[in-house]
Amino acid sequence: MREYRIAVYAGDGIGIEVTTEALKALRAVEARCGFRLKTTELPWGSAWSTAHGGHVAPADFLDILRPFDAVFLGALGMPSVVPDHICLVPLIRMRQAFDQYVCLRPATLLEGATTPLAGKGPGDIDLMVVRENSEGEYTATGGHFRVNTPDEVSVQTAIHTRKGVERILRYGFDLARQRRHRLTMATKSNALNYSMVMWDRVLAAVAPDYPDVVSEKVHVDALAMHFVRTPERFDVVVASNLFGDILSDLAGALVGSLGLAASANINPERIYPSLFEPVHGSAPDIAGKGIANPMAAVRSAGLMLNFLGEGEAGAILENAVADVVREGRVLTPDLGGRASTGDVGDAVAARVAVTQPS
Ligand code: NAD
Ligand code: IPM
Ligand code: MN
């Protein structure tokens with residue numbers, strides 16, 4: 001039987017709640033499709049830190065994770081217990097150390113979900129944010145000086161490499177070829193006169209290799225505006241780490257809820273494990289209330305199965321979520337319903353048993 005080793009890092013807050021529900025869907029689909037997921041639950045996060053001297057994960061956590069086929073993550077962050085810039089370190093370290101330089105964040109408006117955009121419906125939003133995930137604004141390069149004095153100085157340096165920009169753009173172009181042959185690159189070369197000017201140059205150098213893809217660059221501020229006004233214009237949207245982070249939360253809102261937005265942090269060369277997680281965070285504002293939408297986690301699990309080569313199972317998870325949204329009977333409050341996290345997880349798992357993969 002096909003077997004995959006999955007590290008389950010549920011994390012904090014609603015990360016733990018939605019992971020429980022995604023595992024129900026995964027158990028249902030493995031039974032149906034005839035493979036086995038060997039899961040190992042890792043209790044790391046803010047709760048773990050209270051018994052481990054404030055550390056949110058073991059010092060050798062990357063060595064522990066490396067042998068797995070994939071990491072499935074809920075969400076990290078509980079600022080009331082551990083400062084965010086400490087609690088989130090394992091997530092950013094995984095992306096960089098495991099060279100997960102592609103972050104795929106699909107945003108498709110499902111039938112039954114309500115976009116906040118007037119006059120838009122299913123068919124109008126079907127885009128993929130391709131976020132550069134290994135460098136840019138996230139390299140933790142910088143420092144503080146004269147801390148807590150009126151003369152305090154903070155330096156935070158973004159690092160953009162030609163190799164890093166080129167590989168994410170080529171990934172985006174290849175993906176556009178499998179979609180609607182359109183690529184938009186987020187830039188800000190009118191102000192960021194080194195980094196984004198290089199991004200523009202790399203786009204100009206790479207685009208001729210893909211004559212069948214229509215490409216453009218758009219300043220990220222205007223791009224945010226166009227996301228709202230004319231989302232139908234976008235297919236593949238390639239962005240730097242921070243721009244992609246911001247645009248993907250916006251895209252999640254446009255398709256009805258951040259609670260639907262999935263993501264895949266991919267090492268395309270498969271040298272290291274890839275990481276699958278919802279776009280959303282640990283939502284301390286609703287944690288423990290049983291109202292978090294687990295669908296983003298289920299869809300992230302679907303992306304994981306696709307990546308592992310279990311495309312039929314991945315499609316079943318995606319279609320099970322789409323079925324439950326379309327039916328509209330069992331939805332959490334973010335989608336206008338009154339169901340609990342567990343009710344939605346159960347409804348999705350029940351659909352997994354019967355829905356068609358295509
Ligand atoms: P968040 O994504 O956790 O929440 C933003 C808003 O969306 C909140 O009002 C929340 O209630 C709502 N929301 C998010 N997910 C939802 C779901 N599944 N169902 C229903 N509503 C949902 O972002 P935040 O409030 O900025 O951050 C909270 C914590 O999460 C912080 O510690 C932050 O650093 C962390 N964070 C972690 C990740 C991650 O682990 N990948 C991502 C983003 C934020
Ligand atoms: C995300 C999150 C993370 C990011 C944070 C929690 C470090 O917002 O995955 O989108 O900025 O990448
Ligand atoms: Mn984010």
*For residues 281-295, pull every pair meeting side chain to side chain donor-acceptor pair (under 3.5 Å), keeping only residues two or more places apart or in separate chains.*
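Side chain to side chain donor-acceptor pair (under 3.5 Å) check on residues 281-295 returns Asn293-Asp334.
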
Do the side chains of [X] and [Y] get close enough for a salt bridge, i.e. N-O under 4.0 angstrom?
X      : Y      : answer
Asp126 : Arg180 : yes
Glu216 : Arg233 : yes
Arg167 : Asp99  : yes

_Working to the nearest 0.5 angstrom, can you tell me the gap between His280 NE2 and Ser248 OG?_
12.5 Å

Is the closest side-chain heavy-atom distance between [X] and [Y] below 4.5 Å?
X      : Y      : answer
Arg162 : Val202 : yes
Val218 : Thr187 : no
Pro231 : Leu117 : yes
Thr141 : Val155 : no
Ile316 : Cys33  : yes
Arg2   : Glu310 : yes

*asked:* The criterion is ring pair (Phe, Tyr, Trp, His ring centres under 6.0 Å); which residues satisfy it with Phe61, sequence neighbours excluded?
replied: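 Counting only residues at least two positions away or on another chain, Phe61 forms no ring pair (Phe, Tyr, Trp, His ring centres under 6.0 Å).
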
*Just jot down the ring pair (Phe, Tyr, Trp, His ring centres under 6.0 Å) partners of Tyr138, sequence neighbours excluded, or say none.*
none

For a quick test of your reading: what N or O donor-acceptor pairs under 3.5 Å do the side chains of residues 76-95 make, sequence neighbours left out?
from, atom 1, to, atom 2, distance (Å)
Arg95, NE, Asn265, OD1, 3.1
Arg95, NH2, Glu277, OE2, 2.7

*State which residues pass side-chain contact (heavy atoms from CB on, under 4.5 Å) with Phe68; sequence neighbours excluded, sorted by chain then number.*
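For Phe68 the side-chain contact (heavy atoms from CB on, under 4.5 Å) partners, ignoring immediate neighbours, are Arg5, Ala7, Thr40.
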
In the single-linkage hydrophobic clustering (I, L, V, M, F, W, Y; side-chain heavy atoms under 4.5 Å), do [X] and [Y] co-cluster?
X      : Y      : value
Leu335 : Val348 : yes
Val130 : Ile246 : no
Leu42  : Leu23  : no

Only counting residues at least two apart or in another chain, list the ones meeting side-chain hydrogen bond (donor to acceptor under 3.5 Å, both in side chains) with [X].
X      : value
Tyr9   : none
Asp212 : Arg177
His219 : none

Could you go through residues 351-358 and list every donor-acceptor pair under 3.5 Å that involves a side-chain atom there, pairing it with any protein atom two or more places apart or in another chain?
from, atom 1, to, atom 2, distance (Å)
Arg351, NE, Asp323, OD2, 3.2
Arg351, NH1, Glu327, OE2, 3.2
Arg351, NH2, Asp323, OD2, 3.0
Thr355, OG1, Asp323, OD2, 2.6

Would you say [X] has more than 12 foreign heavy atoms packed within less than 6.0 Å of its [atom1]?
X      : atom1 : answer
His144 : NE2   : no
Lys24  : NZ    : yes
Phe35  : CZ    : yes

Heavy-atom pair with the smallest gap, counting every atom of [X] and [Y]:
X      : Y      : answer
Ser263 : Leu303 : C-CD1, 3.8 Å
Val238 : Gly172 : CG2-CA, 4.0 Å
Val18  : Ala292 : CG1-CB, 4.1 Å
Ala296 : Ala261 : CB-O, 3.2 Å
Pro106 : Ala262 : CD-O, 3.4 Å
Met295 : Val324 : CE-CG1, 3.7 Å

_Considering only residues two or more places apart or on different chains, which pairs with a residue in residues 230-257 satisfy ring pair (Phe, Tyr, Trp, His ring centres under 6.0 Å)?_
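Every pair satisfying ring pair (Phe, Tyr, Trp, His ring centres under 6.0 Å) with a residue in residues 230-257: Phe227-Phe234.
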
*Any ring pair (Phe, Tyr, Trp, His ring centres under 6.0 Å) pairs touching residues 337-358, not counting sequence neighbours?*
none

Donor-acceptor pair between [X] and [Y] side chains, under 3.5 angstrom:
X      : Y      : result
Glu30  : Tyr4   : no
Ser134 : Glu132 : yes
Arg27  : Thr39  : yes
Glu137 : Ser240 : yes
Glu21  : Thr341 : no

*Quick one: salt bridge (charged side-chain N to carboxylate O under 4.0 Å, His left out) pairs with a partner in residues 142-155, sequence neighbours left out?*
none

